[in-house]
Amino acid sequence: MDWTPDRHGELSLQEQIVHYFKEGILRGEWTVGARLPSQRALARLWQVNRSTVAEAMAELVALGLVEGQTGGGTRVVNESWSLLAAPPTDWLRVVESGRHQPNLPVIQTINRMEADPGVIRLGTGELAPELLPEREMGRLLQESARRPIALGYEEPKGSPALRRRIAERLGERGIHVTADSVLVVSGALQGLHLIAAGLMRPGSTVLAEVPSYPHSLQVFQSAGIRLEGVPMDEAGLRAGLLERYRKQYKAAMLYTNPTFHNPTGIVMSGSRRKEVLEVCRELRLPVIEDDVYGELWLDEPPPPPLKSMDIHGDVLYLGSLSKSVSPGLRIGWVVGPRTAIDRLADIKMQIDYGASSLSQWAALQWLESGWHERHLEQLRHQLRKRRAVAAAALDREFGGLASWSIPGGGFYIWLEFNRSLPMKQLFDAALREGILLNPGTVYGVEGKSCLRISYSYAKLEELSGAITGLAGLVRRLIL
């Protein structure tokens, strides 16, 4: 809510709260069936006595605008005489009938709180504003202003020039494809949406590492597709389990994030990559390879992507500029057999008629300028410093409380607690202290107490202190 009562206003706090909800209900902002925040939450949000909120709610009940339900909170009923003649639309019922599944409640909270400048984002999977190349990009765009700017629609697969440049860069990593095998998408997440909508049938199953990023999404579930987890070890996805899981779940596809895995930071070994590809070939199990962190190595370059060893066209490869350059550009790509890429391009045209031509133009200028390589060098230097600060704080504060490994790149350190913790209580307690966490439960880890710690977003001077504060909360919950 972006409204707060005015302590110096002419109306009392209680009267202001009643007026706020009454006007919102009559305008249709709070629709029939909508559940209002709890009295405790409102009192905390507005910094007023809970009794003030309770009295305001009692007045709204008396007006016939809301009703309290045992165990269900306060809901809008809007039985005011002025609206009885034309019952308002029950938007709650309309929303709940939609096909796309809502995010998990904790993900909704994370997404909402990430916009709050007062919290330290200790789990956020993006670059801090000071790590984004704002000055370099601004200077580049100024210098490029004399060149023709693309403002119309691009081809279904995206800008031909950008696709050629992406194909050239992929060739440097051993993926030899032509521009016709590249589809420009609005971020790698849209690539996943397109694959789920265009290449999979409702009721089918996708295998993915557990823990892994897709478990925090509803992209597959909303398309009627099940997601089943395959265990990992220090070398990555356990390829020896794929045959059993393929048969058990009649899986249609495998999703894997082999390089600086989200959320564990694990890098699948070269031999394991070869084994996974061979097993999937034998099982006729297509592979989605998510390589959005592939350029973010900090110690040494990772093994070549699975796609670089794919001679049969079994792998759909996802890449993006969101993690290394700018999430705001919304530029990613899907690479694969032309039959699949043509199908995905057709679906993308139905959805948004192509990725932003202006963003594609900017991405092309960036990749052709030579700035990308220079930026990556600077970015790696900064991420090494941040990783070192996070590692030192963990060594100091979490010895005996948890185990972890320091990743060779990417953004994340996967923290596994030695004892069971009430993760919802830890999440809420940390948020009250101004620390926003990403608990392991959102990545498909049930029955274990884990956290994804990110060193990419929190300000460098806040990172160590936030980890210290987190350790204090953990100790209080354990005792």
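Along the sequence shown, residues are numbered consecutively beginning with 1. Only heavy atoms go into these numbers, but all of them, side chains included; no hydrogens, no water, no symmetry mates.
A donor-acceptor contact shorter than 3.5 Å links the side chain of Arg246 to the backbone of Ala251. Side chain of Ser369 to backbone of Trp371: a donor-acceptor contact under 3.5 angstrom is found. Between the side chain of Asn49 and the backbone N or O of Ser51, no donor-acceptor pair lies under 3.5 Å. Between the Gln190 side chain and the Ser186 main chain, a donor and an acceptor come within less than 3.5 Å of each other. Formation of a donor-acceptor pair under 3.5 Å by the Arg384 side chain with backbone atoms of Leu379 is not found in this model. Between the side chain of His381 and the backbone N or O of Leu376, no donor-acceptor pair lies under 3.5 Å. At least one donor-acceptor pair closer than 3.5 Å links the side chain of Asp310 to the backbone N or O of Gly313. For the pair Arg330 (side chain) and Pro327 (backbone), a donor-acceptor distance under 3.5 Å is present. In this structure a side-chain-to-backbone donor-acceptor pair under 3.5 Å is present from Gln360 to Ser159. The backbone N or O of Pro286 lies less than 3.5 Å from no partner atom in the side chain of Asp314, so there is not a single donor-acceptor pair.
A salt bridge links Arg386 with Glu130: at least one charged nitrogen is closer than 4.0 Å to a carboxylate oxygen. With respect to Arg272 and Asp233, a salt bridge is recorded, a charged nitrogen being found less than 4.0 Å from a carboxylate O. Between Asp428 and Arg432 no salt bridge is recorded (no basic side-chain N to carboxylate O distance below 4.0 Å). Between Lys247 and Glu243 there is a salt bridge, with a side-chain nitrogen of the basic residue lying less than 4.0 Å from a carboxylate oxygen of the acidic one. Ionic pairing of Asp299 and Arg387 is present here: one or more N-O contacts between side-chain nitrogen and carboxylate oxygen are shorter than 4.0 angstrom.
When all heavy atoms of Ala208 and Leu227 are compared, the pair lying nearest together is CB-CD1, 4.1 Å. What you find for Lys157 and Ala345 is that their closest heavy atoms are CG-CB, 3.9 Å. In terms of heavy-atom proximity, Leu463 sits nearest to Ser454 at CD1-O, 4.0 Å. The shortest heavy-atom contact between Leu316 and Gly336 is CD2-CA, 3.9 Å. Of all non-hydrogen atoms in Ser403 and Asn418, the two that sit nearest each other are N-OD1, 3.9 Å. Closest non-hydrogen pair, Leu298 versus Gly409, comes out as CG-CA, 3.7 Å.
Looking only at side-chain heavy atoms (C-beta outward), Ile17 and Trp3 come within less than 4.5 Å of each other. Considering only heavy atoms from C-beta on, Ile266 stays 4.5 Å or farther from Glu234 through its side chain. Contact of the Leu207 side chain with the Tyr249 side chain is registered, since non-hydrogen atoms from C-beta on lie closer than 4.5 Å. Considering only heavy atoms from C-beta on, Pro258 comes within 4.5 Å of Arg273 through its side chain.
Once rounded to the nearest 0.5 Å, the distance linking CZ of Phe427 with CG of Leu473 reads 12.5 Å. Between Glu172 atom CD and Glu168 atom CD the span is 8.0 Å, to the nearest 0.5 Å. The distance from atom CG of Leu127 to atom OG of Ser324, rounded to the nearest 0.5 Å, is 7.5 Å. The CG atom of Leu367 sits 13.5 Å away from the CZ atom of Arg164 when rounded to the nearest 0.5 Å. Remark: Leu162 CG to Glu368 CD distance equals 9.0 Å, nearest 0.5 Å. Distance check, rounded to the nearest 0.5 Å: CD of Glu228 to CZ of Phe220 gives 12.5 Å.
Residues passing the side-chain contact (heavy atoms from CB on, under 4.5 Å) test with Ser271, sequence neighbours excluded: Ser269. With sequence neighbours left out, the ring-ring contact (aromatic ring centres under 6.0 Å, His included) criterion links His193 to His100.
Arg452 forms no cation-pi arrangement with Trp414, by the criterion of a distance under 6.0 Å to the ring centre and an angle within 45° of the ring axis. Both tests hold for Arg121 against Tyr457: distance to the six-membered ring centre under 6.0 Å, angle to the ring axis within 45°.
Side-chain contact check for Asp291 and Tyr317: at least one donor-acceptor pair (N or O, by modelled atom type) lies under 3.5 Å. Glu209 and Thr256 form a side-chain donor-acceptor contact under 3.5 Å, judged by distance and modelled atom types alone. A donor-acceptor contact under 3.5 angstrom links the side chains of Glu114 and Thr124, judged on distance only. Of the N and O atoms on the side chains of Ser38 and Arg44, not one donor lies less than 3.5 Å from an acceptor on the other residue.
Note: Trp366 and His372 have perpendicular aromatic rings, judged against thresholds of 30 and 60 degrees for the angle between ring planes.
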Inset, instruction - Walk me through it: do Glu136 and Gln378 pass the test side-chain contact (heavy atoms from CB on, under 4.5 Å)? - result: CA-CA 12 Å; Glu136 295 85 350; Gln378 297 169 5; 4.0 Å; yes

Legend entry - From CA spacing to verdict: side chain to side chain donor-acceptor pair (under 3.5 Å), Tyr443, Asn438: CA-CA 9 Å; Tyr443 304 107; Asn438 281 51; 2.9 Å; yes

Legend entry - Worked check of salt bridge (Lys or Arg N to Asp or Glu O under 4.0 Å) between Glu134 and Arg139: CA-CA 9 Å; Glu134 292 182 356; Arg139 188 186 316 158; over 6 Å; no

Inset, instruction - Output, in order, the C-alpha distance, side-chain angles, deciding distance and verdict of side-chain contact (heavy atoms from CB on, under 4.5 Å) for Ser212 and His261. - result: CA-CA 8 Å; Ser212 69; His261 174 266; 3.8 Å; yes

Inset, instruction - Check the pair Thr468, Arg396 against side chain to side chain donor-acceptor pair (under 3.5 Å), reporting the backbone distance first and the verdict last. - result: CA-CA 9 Å; Thr468 298; Arg396 183 180 67 248; 3.2 Å; yes

Inset, instruction - Show your reasoning for whether side chain to side chain donor-acceptor pair (under 3.5 Å) applies to Tyr255 and Asp290. - result: CA-CA 8 Å; Tyr255 167 95; Asp290 189 340; 2.7 Å; yes

Inset, instruction - Begin with the C-alpha distance, continue with both residues' side-chain angles, and end with the deciding distance and a verdict on side-chain contact (heavy atoms from CB on, under 4.5 Å) for Leu344 and Ile195. - result: CA-CA 7 Å; Leu344 298 180; Ile195 291 168; 4.1 Å; yes

Inset, instruction - Begin with the C-alpha distance, continue with both residues' side-chain angles, and end with the deciding distance and a verdict on side-chain contact (heavy atoms from CB on, under 4.5 Å) for Leu277 and Glu282. - result: CA-CA 9 Å; Leu277 203 58; Glu282 293 173 1; over 6 Å; no

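Heavy-atom neighbours of Arg374 CZ from other residues, nucleotides or ligands within 6.0 Å: above the threshold of 12. Counting heavy atoms of neighbouring residues, nucleotides and ligands inside a 6.0 Å radius, atom CD of Glu300 does not exceed 12 of them.
Shown are Val315, Leu283, Val206, Val276; of these, the side chain to side chain contact (heavy atoms under 4.5 Å, CB included) with Leu254 is made only by Val276. Exactly one residue among Arg169, Lys323, Arg173 makes a salt bridge (Lys or Arg N to Asp or Glu O under 4.0 Å) with Glu295. That residue is Arg169.
Ring to ring, Tyr293 and Phe411 are close: their centroids are under 6.0 angstrom apart.
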